[in-house]
Structure formats: structure tokens, C-alpha cells
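In listed order, ligands and their atoms are each counted from 1. Because the structure is a prediction, the values reported are computed rather than measured. Residue numbers count from 1 along this sequence. Basis for what follows: all heavy atoms, side chains included, without hydrogens, waters or symmetry-related copies.
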Amino acid sequence: MTNAQKWVAAFLGLFLVLFLLGRLTRKEEEPQIPQTMGEQPTQVSGEVDGLTMINQIGCTSCHGDNLQGSKLAPQLVNLKQFWTRDALINYLRNPQSYSRDVRFDDYRSKYKNVIMPSYGNIDVKELGKIAEYLLTR
Ligand code: HEC
């Protein structure tokens with residue numbers, strides 16, 4: 001063996017050792033659970049909770065016992081046609097800022113003397129449950 005060949009052999013040996021060491025010390029990466037999957041159970045129970053909260057807060061006093069609408073406020077059905085969860089939460093926090101839609105022109109003339117209250121004092125998480133429930137109707 002020439003000197004050069006020895007060097008090459010030494011480097012190859014070193015490389016092999018490092019490679020094996022790397023192999024041995026590498027930890028298996030844990031699979032990441034996506035956020036949404038973790039949230040699913042609360043979404044399911046959120047349906048009940050959302051409805052309970054709607055009754056407790058008294059949305060029904062204007063929107064009707066079954067949210068079917070009344071003289072005071074429109075029915076709350078098919079909302080998923082118009083709203084996302086986040087938009088609904090924002091709406092509940094500040095209804096006055098969401099009056100661009102044609103439906104709201106309609107509402108304004110129909111429910112002239114009634115103002116949809118803002119619920120900025122209620123925890124966003126709870127509003128989320130309410131929104132989730134409303135989007136199932
Ligand atoms: C004082 C009566 C009143 C109460 C209480 C009330 N609302 Fe309303 N709500 C209205 C009126 C009136 C409108 C029609 C829009 C407007 O005038 O701003 C409305 C509109 C809405 C809309 C929009 C409907 C659509 O077609 O997009 C949603 C959603 C809604 N209310 C949810 C709620 C929820 C949830 C609660 C309880 C946390 C609640 N409201 C409590 C009067 C009320």
C-alpha cells in the first residue's frame with residue numbers, strides 16, 4: 001500500500017464509523033399531530049355547549065326559542081352559507097361593523113328598533129363554541 005492509499009483507507013474507515021454512530025444516536029422523529037385533530041373532541045361536545053350557552057346568554061329572547069326567528073330578530077339557520085367560524089366570532093364581538101351585506105339592509109328595515117348586542121365581554125373560546133353550533137344548523 002502506498003501512503004496515499006493508507007490515507008484514503010483511513011478516511012473511509014473514519015467516515016464509516018461516523019456514519020454508524022450517527023445512525024445509532026438518531027432518534028426516531030415523532031409524528032406531528034395536526035392542531036385540528038387535537039381539537040376535534042371539543043368540536044363535538046361544542047355543539048351541546050354552544051346551544052347551552054345560547055340559551056343561557058339569552059340569544060333566544062330575540063332570535064326565538066329554537067332560533068327560528070321572531071319579530072325582534074332573524075332566524076339563525078343556514079349561517080354556514082354566509083359565515084365562517086372566525087367571521088361569526090368577530091360578528092358576535094362587534095355586530096355593528098358587519099352591516100355591508102344586503103341581508104343586513106333587509107334586517108335593518110325589518111328589525112328597526114332592535115339592536116343586536118355585542119358580546120365582546122364573552123370569552124372568545126366560548127364565542128367559538130357558539131359559532132360552531134350555529135354553523136351546524
Ligand atoms: C336584543 C335582541 C338580540 C339578541 C339578544 C341577540 N340578537 Fe342576534 N340579531 C339581532 C338582530 C336585530 C339581528 C339582525 C341584524 C342587525 O340588526 O344587526 C341579529 C343578527 C344576528 C346574526 C346574523 C344573522 C345572519 O343572518 O347573518 C347572528 C349570527 C346573531 N344575531 C347571533 C346572535 C347570538 C349568537 C346571540 C346570543 C349570543 C344573539 N344573536 C343575541 C338581535 C338580537
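Neither the backbone nor the side chain of Q96 comes within 4.0 Å of ligand 1, counting heavy atoms alone. The side chain of F104, and not its backbone, has at least one atom closer than 4.0 Å to an atom of ligand 1 (non-hydrogen atoms only; side chain from C-beta on).
Distances below 4.0 Å separate heavy atoms of L79 from the following atoms of ligand 1: 25 (C), 26 (O), 27 (O), 29 (C). Taking every heavy atom of I130 and a limit of under 4.0 angstrom, the matching atoms of ligand 1 come to 35 (C). Interface atoms of ligand 1 facing L72, defined by a heavy-atom separation under 4.0 Å, are 12 (C).
With distances taken over non-hydrogen atoms, the option nearest atom 14 (C) of ligand 1 out of P74, S109, A131, P117 is P74. By heavy-atom distance, the residue among Y111, Y119, Y107 lying nearest atom 26 (O) of ligand 1 is Y107. The closest heavy-atom contact to atom 35 (C) of ligand 1, among the options D101, L92, N113, D106, comes from L92.
Under a 4.0 Å N-O distance rule, the pair R103/D106 does not qualify as a salt bridge.
Look at R108 and you'll find every heavy atom at least 4.0 Å from all atoms of ligand 1. The closest approach between any non-hydrogen atom of P95 and ligand 1 is not below 4.0 Å.
No other N/O/S atom of H63 lies as close to atom 8 (Fe) of ligand 1 as NE2 does.
At the top of the distance list for atom 29 (C) of ligand 1, counting protein heavy atoms only, stands L88 CD2, 3.6 Å.
Between W83 and ligand 1, an N or O atom pair is found at a separation short of 3.5 Å.
Both tests do not hold together for R93 against Y119: distance to the six-membered ring centre under 6.0 Å, angle to the ring axis within 45°.
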